[in-house]
Amino acid sequence: MARSSMRWTPHAPDDRQEALYRPVTISETDTNVPVPAQNTKETSMRVLVTGGSGRLGHTVLSELADQGHEMISVDTAPATRSKRFPAFSADLSDAGECYSTLARYRPDAVVHLAAIPAPFVRSEITTFSVNSQMAFNICQSAFDLGIGTVLAASSPTVMGYGNPSWVPSYLPLDEEHSTAAWNAYTLSKVATENMIKGFASRGASRFYAFRPCFVVAPEEWHGAPTQGGGTVHERLTKPELAASSLFNYVDARDAADFVRLLLENVDEVPSGETFFVCAGDALAEEPLSLLLPRYTTVPTELARTLTGTAPAFSTRKAERLLGWRPRHNWRTEMGKTT
């Protein structure tokens with residue numbers, strides 16, 4: 001049955017508080033934000049996206065809304081990209097504020113993307129405490145409120161690359177490869193993945209993690225700045241830039257498609273799973289068999305296992321469990337700009 005545009009706050013403990021806990025429409029409290037159209041699909045869900053103002057968050061909101069889901073954005077940053085969705089400002093690192101935000105909207109699923117987005121952009125203590133606290137608050141609040149599904153963003157950086165002493169056990173990297181967190185950011189993401197497994201083991205709601213590679217928004221193929229600055233063209237012509245991420249990337253639309261597939265098929269995927277979500281090729285004009293030994297700590301003998309345009313990360317698990325495959329690559333997308 002389709003979801004209505006009503007948002008239910010927690011049930012009143014007694015009749016005296018009925019007025020405080022009545023159902024209210026989104027438009028009553030989220031002014032100047034249009035109420036999403038009702039969906040008539042049997043699979044319609046109300047999905048709350050944290051970090052909705054970011055490059056991936058915005059695309060997830062748009063892609064899932066296009067498929068008929070009711071979307072809500074939560075972020076500390078103002079919603080400057082679109083007024084298509086209800087937007088709510090909340091500090092999710094505060095446990096009470098996180099709980100009340102999820103209780104306010106009562107979503108069917110939470111996609112947790114909010115985080116300090118990269119290593120060394122804030123102090124180590126702040127990065128770890130904020131990221132890990134937000135992830136725990138989301139998981140605990142969702143569990144307490146009986147929210148059906150939580151999907152939290154981790155990062156491919158948990159594998160350990162960037163550490164001067166890092167050498168992978170094999171290539172391409174997959175979900176079975178051991179992690180090797182070495183800074184506050186990667187430690188916070190490993191902690192997030194462990195939280196996902198821990199909450200999944202409780203058996204009530206479903207919890208998942210995914211590791212989206214270097215996210216490229218559609219406009220960035222046409223010269224808009226990428227995360228961290230610079231352009232995609234510069235990452236291709238200056239391999240040392242893309243080498244910091246082992247030349248990984250994913251089109252934001254493909255990552256959003258993964259999110260949709262997982263949320264719509266949770267009954268078919270064991271709770272607690274983690275997935276790499278990456279493009280099907282490397283963000284490089286030369287084979288990684290040549291570039292990895294030149295620009296990273298990956299030895300030549302390991303790099304040789306990657307042939308042609310093959311990336312350093314495998315997404316076979318997502319394909320096997322969800323039928324997900326990336327549809328965009330830099331060659332076709334960059335070709336559209338010429």
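Just so it is clear, the values below take in all heavy atoms, side chains as well, and ignore hydrogens, waters and symmetry mates.
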Euclidean distance, Met134 CE relative to Asp94 CG, rounded to 0.5 Å = 12.0 Å
Return each pair, listed once, that meets salt bridge (Lys or Arg N to Asp or Glu O under 4.0 Å) where at least one residue sits in residues 192-203; pairs must be two or more places apart or across chains.
-> Glu193-Arg211
Side-chain donor or acceptor of Thr332 paired with backbone N/O of Asn329 under 3.5 Å | yes
Can Phe85 and Ser62 be said to form a side chain to side chain contact (heavy atoms under 4.5 Å, CB included), step by step?
-> CA-CA 9 Å; Phe85 317 102; Ser62 298; 4.0 Å; yes
Between the side chain of Thr50 and the main-chain N/O of Val74, is any donor-acceptor distance below 3.5 Å?
-> no
Between Tyr185 and Ala118 the two heavy atoms that sit nearest each other are CE1-N, 3.6 Å
Residue pairs involving residues 162-185 (criterion salt bridge (Lys or Arg N to Asp or Glu O under 4.0 Å); sequence neighbours excluded) = none
Does Phe313 belong to the same Ile/Leu/Val/Met/Phe/Trp/Tyr cluster as Val167, with side-chain heavy atoms less than 4.5 Å apart forming each link?
-> yes
Would you confirm whether Tyr249, through its side chain, and Trp330, through its main-chain N or O, come within 3.5 Å as a donor-acceptor pair?
-> yes
Within-4.5 Å side-chain heavy-atom neighbours: Trp324 and Leu262 = no
Would you find more than 12 non-hydrogen atoms of other residues, nucleotides or ligands less than 6.0 Å from Arg316 atom CZ?
-> no
Indicate if Val269 and Met45 have the same hydrophobic cluster label, given that clusters are the connected sets of ILVMFWY residues with side-chain heavy-atom separations under 4.5 angstrom.
-> yes
Would a distance-only check, ignoring hydrogens and angles, find a side-chain to backbone donor-acceptor pair under 3.5 Å from Asp281 to Thr309?
-> no
Phe276 versus Ser314, closest heavy-atom pair with distance | CB-O, 3.5 Å
Side chain proximity check, Gln140 to Met195, heavy atoms < 4.5 angstrom = no
With a cut-off of 6.0 Å (strictly less than), are more than 12 heavy atoms of other residues, nucleotides or ligands near CZ of Arg325?
-> no
Would a distance-only check, ignoring hydrogens and angles, find a side-chain to backbone donor-acceptor pair under 3.5 Å from Lys189 to Pro156?
-> no
Run the numbers on Leu92 and Cys98 for side chain to side chain contact (heavy atoms under 4.5 Å, CB included), then give the verdict.
-> CA-CA 5 Å; Leu92 300 174; Cys98 181; 4.1 Å; yes
Which residues pass the ring-ring contact (aromatic ring centres under 6.0 Å, His included) test with Tyr208, sequence neighbours left out?
-> none
I would like to know whether Thr186 and Asn183 meet side-chain hydrogen bond (donor to acceptor under 3.5 Å, both in side chains); could you show each step before the answer?
-> CA-CA 6 Å; Thr186 55; Asn183 54 49; 3.0 Å; yes
Taking C-beta and beyond as the side chain, do Thr192 and Asn131 meet within less than 4.5 Å on heavy atoms?
-> no
Okay, side chain of Asn248, backbone of Ser245: is any donor-acceptor separation there less than 3.5 Å?
-> yes
Non-hydrogen side-chain atoms of Val47 and Val60 separated by less than 4.5 Å | no
Side chain proximity check, Phe120 to Thr127, heavy atoms < 4.5 angstrom | no
Scanning both residues in full, the closest heavy-atom pair of Ala95 with Ser141 reads O-OG, 4.4 Å
Output yes when a side-chain donor or acceptor of Thr59 lies under 3.5 Å from a complementary backbone atom of Arg55, and no otherwise.
-> yes
Is a side-chain N or O of His177 found less than 3.5 angstrom from the main chain of Ser169, in a donor-acceptor match?
-> yes
Thinking salt bridges, do Arg235 and Glu220 make one under a 4.0 Å N-O criterion?
-> no
Side-chain contact test, heavy atoms from C-beta onward, threshold under 4.5 Å: evaluate it for Asn137 versus Gln133 and give yes or no.
-> yes
Shortest non-hydrogen contact from Ala284 toward Leu236 | N-CD2, 3.7 Å
Taking the side chain as every heavy atom from C-beta outward, state whether Pro168 and Leu302 have any atom pair closer than 4.5 Å.
-> yes
If two hydrophobic side chains count as joined below 4.5 Å and joins carry through other members, does Met159 share a cluster with Leu283?
-> no
Same cluster for Leu171 and Tyr295 if Ile/Leu/Val/Met/Phe/Trp/Tyr side chains link at under 4.5 Å?
-> yes
Between OG1 on residue Thr101 and CZ on residue Phe88, distance to nearest 0.5 Å | 4.5 Å
Member of Lys317, Arg206, Arg320 meeting the salt bridge (charged side-chain N to carboxylate O under 4.0 Å, His left out) criterion with Glu273 = Lys317
Of all the heavy-atom pairs spanning Val250 and Cys213, show the shortest one and how long it is.
-> CG1-O, 3.7 Å
When rounded to the nearest 0.5 angstrom, what is the spacing between CG in Leu288 and OG1 in Thr305?
-> 9.5 Å
In terms of heavy-atom contacts, Leu61 and Ile72 come closest through CD2-O, 3.8 Å
Test Phe143 against Val150 for side chain to side chain contact (heavy atoms under 4.5 Å, CB included), laying out the working first.
-> CA-CA 9 Å; Phe143 180 83; Val150 173; over 6 Å; no
Check the pair Asp66, Arg260 against salt bridge (Lys or Arg N to Asp or Glu O under 4.0 Å), reporting the backbone distance first and the verdict last.
-> CA-CA 11 Å; Asp66 288 345; Arg260 178 188 62 81; over 6 Å; no
For Ser289 and Thr307, run side chain to side chain contact (heavy atoms under 4.5 Å, CB included): C-alpha distance rounded to whole Å, both residues' side-chain angles, the deciding distance at 0.1 Å, then the answer.
-> CA-CA 7 Å; Ser289 58; Thr307 59; over 6 Å; no
Main-chain N/O of Val298 paired to Thr296 side chain as donor or acceptor, under 3.5 Å | yes
Just how far is it from atom NE2 of His112 to atom CZ of Phe207, taken to the nearest 0.5 Å?
-> 12.0 Å
In Å and rounded to the nearest 0.5 Å, what is the CD to CG distance from Gln67 to Leu263?
-> 12.0 Å
Phe247: partners by ring-ring contact (aromatic ring centres under 6.0 Å, His included), with sequence neighbours left out | none
Which residues share a ring-ring contact (aromatic ring centres under 6.0 Å, His included) with Phe210, sequence neighbours left out = Phe258
Taking a hydrophobic cluster as the set of Ile, Leu, Val, Met, Phe, Trp and Tyr residues connected by side-chain heavy atoms closer than 4.5 Å, whether directly or through intermediates, do Leu261 and Met71 fall within one such cluster?
-> yes
Is any side-chain heavy atom of Leu306 closer than 4.5 Å to a side-chain heavy atom of Leu292?
-> yes
For Phe214, what residues pass the ring-ring contact (aromatic ring centres under 6.0 Å, His included) criterion, not counting sequence neighbours?
-> none
Roughly how far, to the nearest 0.5 Å, is the CG atom of Asn194 from the OG atom of Ser132?
-> 11.5 Å
Side chain Asn265, main chain Glu268, donor-acceptor under 3.5 Å | no
